[in-house]
Amino acid sequence: MGGSARNPGALQREDASTQSPYQRLSQRMLDISGDRGVLKDVIREGTGELVTPDASVLVKYSGYLEHMDKPFDSNCFRKTLRLMKLGEDITLWGMELGLLSMRKGELARFLFTPTYAYGTLGCPPLIPPNTTVLFEIELLDFLDSAESDKFCALSAEQQDEFPLQKVLKVAATEREFGNYLFRQNRFYDARVRYKRALVLLHRRSAPSEEQHLVETAKLLVLLNLSFTYLKLERPTTALRYGEQALVIDQKNAKALFRCGQACLLMTEYQKARDFLVRAQKEQPFNHDINNELKKLASYYRDYTDKEKEMCHRMFAPCANVSAVGEN
């Protein structure tokens, strides 16, 4: 007797029932490593260029083991995220390959086989040997500093051989790094990046028809340096950079505002008022400027009240002595 043929549909259902969740998930994922060692499923598309090698990335990630709901590793609960440089701060080969396939704003799910994750030994006690792991990664931003770092390592003579656009691009990258560090309240580190950008721009001479490009780039860096030194509670230096910005654009409201803030911290109330009134003239409805003027008025009122009180204390004994003499 010949045996009856098995139902193909039943076989598929049986196979599916014996597969693990990660095996089922892998069937609809894209192979980005060429050997199915790194599989990808895009949850939300990103925009712009792909992440470049040697870039520094700002990501949210969570790593999961199969049959576990809670991540074994995640940075999603940290107050501040830090930039991580590919090839240095990111140790998982699979994550690096995955990130190189992503664009800014993208959210994706990845499966990494042991070869691309924690290997044959795993990472005791969290990761068993020969474990496939799932990572959800959101690429918030990335900055490519490789080009900037190489350029800044060159001598001034070597840098001068490059076209102006190259210098402007490197300076912009340095400023972007500074901005990121500033947002993390790492003001000393931000200052270093801003100063690197300013040195590049100061050192570069440009034809008259292109000089405005250099001045525009300088202005942005000077404003950032002024604000950074305010955060570092060094108002004298903040004022100096603010005044340099005003040399480029004497009506720049942000520069006038920074100078006013610096003078207020230095208790130079008249100078603070002059700067802030000029800033208000440029932007009459700017809340920050108007609030700073109110703060100035309050500080000045307290200052004059204290002066009056001090004078009263100084001259009150003299008045008492005179009264005693008359008696």
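Counting heavy atoms from C-beta on, the side chains of Tyr61 and Asp73 come closer than 4.5 Å. Counting heavy atoms from C-beta outward, Leu223 and Phe227 have side chains that stay 4.5 Å or more apart. Residues Phe110 and Leu97 are not in side-chain contact: their nearest non-hydrogen atoms beyond the backbone lie 4.5 Å or more apart. Annotation: side chain of Asp89 is in contact with side chain of Arg82 (closest heavy-atom distance under 4.5 Å). A heavy-atom distance below 4.5 Å is found between the side chains of Leu100 and Pro53. By the 4.5 Å heavy-atom criterion applied to side chains, Phe257 and Phe275 are not counted as neighbours. Contact of the Ser56 side chain with the Tyr180 side chain is not registered, since no non-hydrogen atoms from C-beta on lie closer than 4.5 Å.
Under the 3.5 Å distance criterion, with hydrogens and angles disregarded, a donor-acceptor pair is assigned to the side chains of Asn179 and Tyr194. Between the side chains of Arg273 and Gln270, no donor N or O sits under 3.5 Å from an acceptor N or O.
Put simply, the side chain of Glu282 never gets that close to the backbone of Asn252: no donor and acceptor are under 3.5 Å apart. In this structure, Arg103 contributes its side chain and Gly48 its backbone to a donor-acceptor pair below 3.5 Å. The closest donor-acceptor contact from the side chain of Lys40 to the backbone of Ser101 lies under 3.5 Å.
Considering OG of Ser148 and NZ of Lys166, their distance stands at 9.0 Å, rounded to 0.5 Å. Here the straight-line distance linking atom CD of Gln280 with atom CZ of Phe285 works out to 9.5 Å at 0.5 Å rounding.
Side-chain heavy atoms closer than 4.5 Å link hydrophobic residues (I, L, V, M, F, W, Y) into clusters, and following such links, even through other members, never connects Val170 to Leu143. Follow the hydrophobic side-chain contacts under 4.5 Å out from Leu181 and you never reach Leu198; the two are in separate clusters. Hydrophobic cluster membership is shared by Ile32 and Val57, with clusters built from Ile, Leu, Val, Met, Phe, Trp and Tyr side chains linked at under 4.5 angstrom.
The environment of Glu209 atom CD is dense: over 12 non-hydrogen atoms of other residues, nucleotides or ligands sit within 6.0 angstrom. A 6.0 Å sphere centred on NZ of Lys85 holds more than 12 heavy atoms belonging to other residues, nucleotides or ligands. Within a 6.0 Å radius of CD in Gln211, other residues, nucleotides and ligands contribute more than 12 heavy atoms. Counting non-hydrogen atoms of neighbouring residues, nucleotides and ligands closer than 6.0 angstrom, the NZ atom of Lys169 reaches no more than 12 such neighbours. Atom NZ of Lys251 has 12 or fewer heavy atoms from other residues, nucleotides or ligands within 6.0 Å. Within a 6.0 Å radius of NZ in Lys254, other residues, nucleotides and ligands contribute 12 heavy atoms or fewer.
Note: Phe135 and Tyr64 fail the aromatic proximity criterion, with ring centroids not under 6.0 Å apart.
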